[in-house]
Amino acid sequence: MHTVHTIRELREAVTRARQNKKRIGFVPTMGNLHEGHLSLIDEARAQSDFVVSSIFVNPMQFGANEDLDAYPRTLAADQAGLASRGCDLLFAPNVGEVYPNGLEAETRVAVPKLGDKHCGASRSGHFEGVATVVTKLFNMVQPDLAVFGKKDYQQLAIIRKLVQDLCFPVAIIGIDTSRESSGLARSSRNGYLSESERHTAAELYQTLVQARKQLLAGKLLEEVRQTAISALESKGFQVDYFNIANRDSLEPATEKDQSLVLLVAAFLGSTRLIDNLEVDRQG
C-alpha cells in the first residue's frame with residue numbers, strides 16, 4: 001500500500017490506475033480504524049480493482065464543544081490495518097490540504113431536510129461538514145464506488161441524496177453495522193468508555209432489539225418510543241433522542257408506515273453513542 005498526503009499525488013496514483021482500466025473503490029474514514037472500517041475495505045476490494053481509503057479528521061463536522069482535539073490519531077496502526085486488507089492507496093491529507101483557505105472561507109454543501117433532524121437537531125452544522133468533506137473527497141478521488149457503514153444511518157441517507165442531487169457518478173454501497181459479540185456497534189468512540197461503561201453500552205442495541213419486537217407485536221409507536229427511553233435512562237444513559245422514522249424519508253413514522261428505522265443517540269458518561277435498527281412490518 002502506498003500513502004500520499006497531497007491531492008496532486010492522489011490524482012496521479014488514481015490516474016495511473018484508471019489508465020490500467022481499473023475500477024476505483026473508495027472508503028473515506030477519520031482513522032482510528034477498527035474491524036468495522038476494515039470490513040468496508042473488504043467490500044471495496046470485492047467490488048473494485050483499486051481501493052483508495054482516506055484518513056482525515058474533518059474539523060468542519062465537529063461542534064465547538066465536541067471532541068476534535070481528543071479524537072484519536074493512530075496513523076501507523078491504521079496503515080498496517082489497511083495494508084493487511086488489501087487497500088492500494090491511502091490518502092492522509094492535513095487540514096490545509098483539504099481547506100487551503102480556512103474553514104470560514106470554504107464553500108459549504110448542505111442537504112436540506114434530511115440533515116435537520118435526529119443527530120442534526122442536536123449537532124448544528126455537523127451534516128453540513130460531512131456533506132462538504134464528502135463532496136470534496138469525491139471530487140479529489142473520483143471513484144466509481146464508495147462504501148459506507150450503516151451505523152450512522154442518517155449520514156448514509158444524506159450521502160445517497162447528495163450523490164443523487166449533485167449527479168456524482170458514484171455508486172454508494174451501504175454495509176451492515178459491525179458489532180461486537182455483545183451487540184455493541186463498533187465505533188472509534190468506544191475507546192472512551194471505561195470497562196463498566198462498555199458493558200452497559202451493549203444495552204443500547206438490546207433496547208433497539210426489544211423495541212423492534214414490540215413494534216412487530218403491534219404496539220403503538222409512541223408507546224414503544226417512551227418505553228425505550230425509560231429503559232435506557234434506567235440503565236444510566238442520558239438519551240439525546242430515540243426516534244422511530246420512515247426508513248426512506250427519515251421523517252417521524254406514522255402507524256401506517258411499514259418500513260421503519262429505529263434511531264438512537266445517547267450519552268454514557270461523556271461518550272455519545274449512536275445506533276439504529278431497521279424494522280419491516282409488511283404483512
Side-chain angles (χ1 to χ4, degrees), residues 1-62 68 71-103 106 109 129-149 151-152 155-156 159 162-163 166 168-175 178 186-188 191:
M1 185 186 73
H2 187 44
T3 300
V4 298
H5 302 282
T6 68
I7 298 169
R8 179 184 60 80
E9 293 172 306
L10 167 69
R11 286 178 170 164
E12 287 174 353
V14 172
T15 296
R16 286 193 296 271
R18 285 207 178 280
Q19 289 171 342
N20 290 321
K21 309 298 184 184
K22 293 187 176 181
R23 179 170 166 84
I24 310 300
F26 181 42
V27 180
T29 82
M30 292 206 302
N32 193 30
L33 304 183
H34 51 67
E35 181 60 29
H37 293 111
L38 298 179
S39 69
L40 306 182
I41 299 294
D42 293 342
E43 185 67 22
R45 179 82 272 160
Q47 298 209 31
S48 64
D49 309 303
F50 187 83
V51 178
V52 182
S53 186
S54 62
I55 292 177
F56 178 63
V57 182
N58 177 32
M60 192 182 285
Q61 69 190 68
F62 285 79
L68 174 61
Y71 198 88
R73 275 77 165 175
T74 56
L75 182 59
D78 294 344
Q79 288 172 311
L82 291 169
S84 73
R85 304 299 264 268
C87 182
D88 296 291
L89 181 68
L90 170 62
F91 178 47
N94 60 29
V95 173
E97 186 71 13
V98 178
Y99 301 118
N101 299 310
L103 294 184
E106 184 69 35
V109 179
V130 171
T132 299
V133 79
V134 169
T135 297
K136 290 177 75 75
L137 288 168
F138 281 177
N139 280 325
M140 294 172 190
V141 179
Q142 298 187 349
D144 296 294
L145 63 91
V147 186
F148 295 85
K151 184 177 79 72
D152 194 330
Q155 175 178 279
L156 178 57
I159 291 168
L162 168 80
V163 165
L166 298 185
F168 277 109
V170 181
I172 302 300
I173 299 169
I175 300 300
S178 177
R186 289 190 169 93
S187 169
S188 296

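For the single chain, residues carry numbers from 1 onward in sequence order.
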Starting from the C-alpha separation in whole Å, work towards a yes-or-no answer on side chain to side chain contact (heavy atoms under 4.5 Å, CB included) for His37 and Ile41. CA-CA 7 Å; His37 293 111; Ile41 299 294; 6.0 Å; no

Using the side chain to side chain contact (heavy atoms under 4.5 Å, CB included) rule, take Gln47 and Ile173 through it: C-alpha gap first, then chi angles, then the decisive distance, then the call. CA-CA 10 Å; Gln47 298 209 31; Ile173 299 169; 3.3 Å; yes

Kindly determine whether Arg45 and Asp88 satisfy salt bridge (Lys or Arg N to Asp or Glu O under 4.0 Å), including the steps that lead there. CA-CA 9 Å; Arg45 179 82 272 160; Asp88 296 291; 2.9 Å; yes

Residue pair Phe168, Asn139: steps toward the side chain to side chain contact (heavy atoms under 4.5 Å, CB included) verdict: CA-CA 9 Å; Phe168 277 109; Asn139 280 325; 3.5 Å; yes

Could you give me the CA-CA distance, side-chain angles and deciding distance for Val52 and Leu10, then say whether side chain to side chain contact (heavy atoms under 4.5 Å, CB included) is met? CA-CA 9 Å; Val52 182; Leu10 167 69; 4.1 Å; yes

Is there a side-chain hydrogen bond (donor to acceptor under 3.5 Å, both in side chains) between Gln79 and Thr3 once you walk through the steps? CA-CA 8 Å; Gln79 288 172 311; Thr3 300; 3.0 Å; yes

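The two residues Glu97 and Pro100 come nearest to each other via the heavy atoms O-CD, 3.9 Å. Scanning all heavy atoms of the two residues, the minimum distance from Leu145 to Ser48 falls at CD2-CB, 4.2 Å. Heavy-atom minimum distance, Ser54 versus Leu137: OG-CD1, 4.0 Å. Shown here for Ala44 and Val27, the closest heavy-atom pair between the two residues is CB-CG2, 3.9 Å. Taking all atoms of both residues into account, the shortest heavy-atom contact from Thr74 to Asn32 is OG1-CA, 3.1 Å. Across all their heavy atoms, Ser39 and Gly36 have their closest contact at OG-O, 2.6 Å.
Considering only heavy atoms from C-beta on, Val51 stays 4.5 Å or farther from Leu89 through its side chain. Looking only at side-chain heavy atoms (C-beta outward), Pro93 and His5 stay at 4.5 Å or farther from each other.
A distance of 3.5 Å separates CG of Leu33 from CG of Asp78, quoted to the nearest 0.5 Å. With rounding to the nearest 0.5 Å, the separation of OG1 in Thr29 from NE2 in His34 is 9.5 Å. Atom CZ in Phe91 sits 12.0 Å away from atom NE2 in His2 (nearest 0.5 Å). One finds the CE atom of Met140 at 10.5 Å from the OG1 atom of Thr135 (value rounded to the nearest 0.5 Å). To the nearest 0.5 Å, atom CG of residue Leu40 and atom SG of residue Cys87 are 11.5 Å apart. Atoms CE and CZ, from Met30 and Arg73 in turn, are 8.5 Å apart once rounded to the nearest 0.5 Å.
Checking side-chain atoms of Lys136 against main-chain N and O of Val98 turns up a donor-acceptor pair under 3.5 Å. No donor-acceptor pair closer than 3.5 Å links the side chain of Ser53 to the backbone N or O of Pro28. No donor-acceptor distance shorter than 3.5 angstrom exists from the side chain of Asn20 to the backbone of Lys22, with no hydrogens or angles considered. The backbone N or O of Ile24 sits less than 3.5 Å from a side-chain atom of Asp144, completing a donor-acceptor pair. Put simply, the side chain of Asp49 gets close to the backbone of Arg23: a donor and an acceptor are under 3.5 Å apart. The backbone N or O of Glu9 sits nowhere less than 3.5 Å from a side-chain atom of Arg11 that would complete a donor-acceptor pair.
Side-chain contact annotation: Gln61 with Asn58, donor-acceptor N/O pair under 3.5 Å present.
Residue pairs that meet the salt bridge (charged side-chain N to carboxylate O under 4.0 Å, His left out) test with at least one member in residues 50-59, sequence neighbours left out, do not exist here.
Between Tyr99 and Phe56, the two ring planes are tilted [angle within 30° to 60°].
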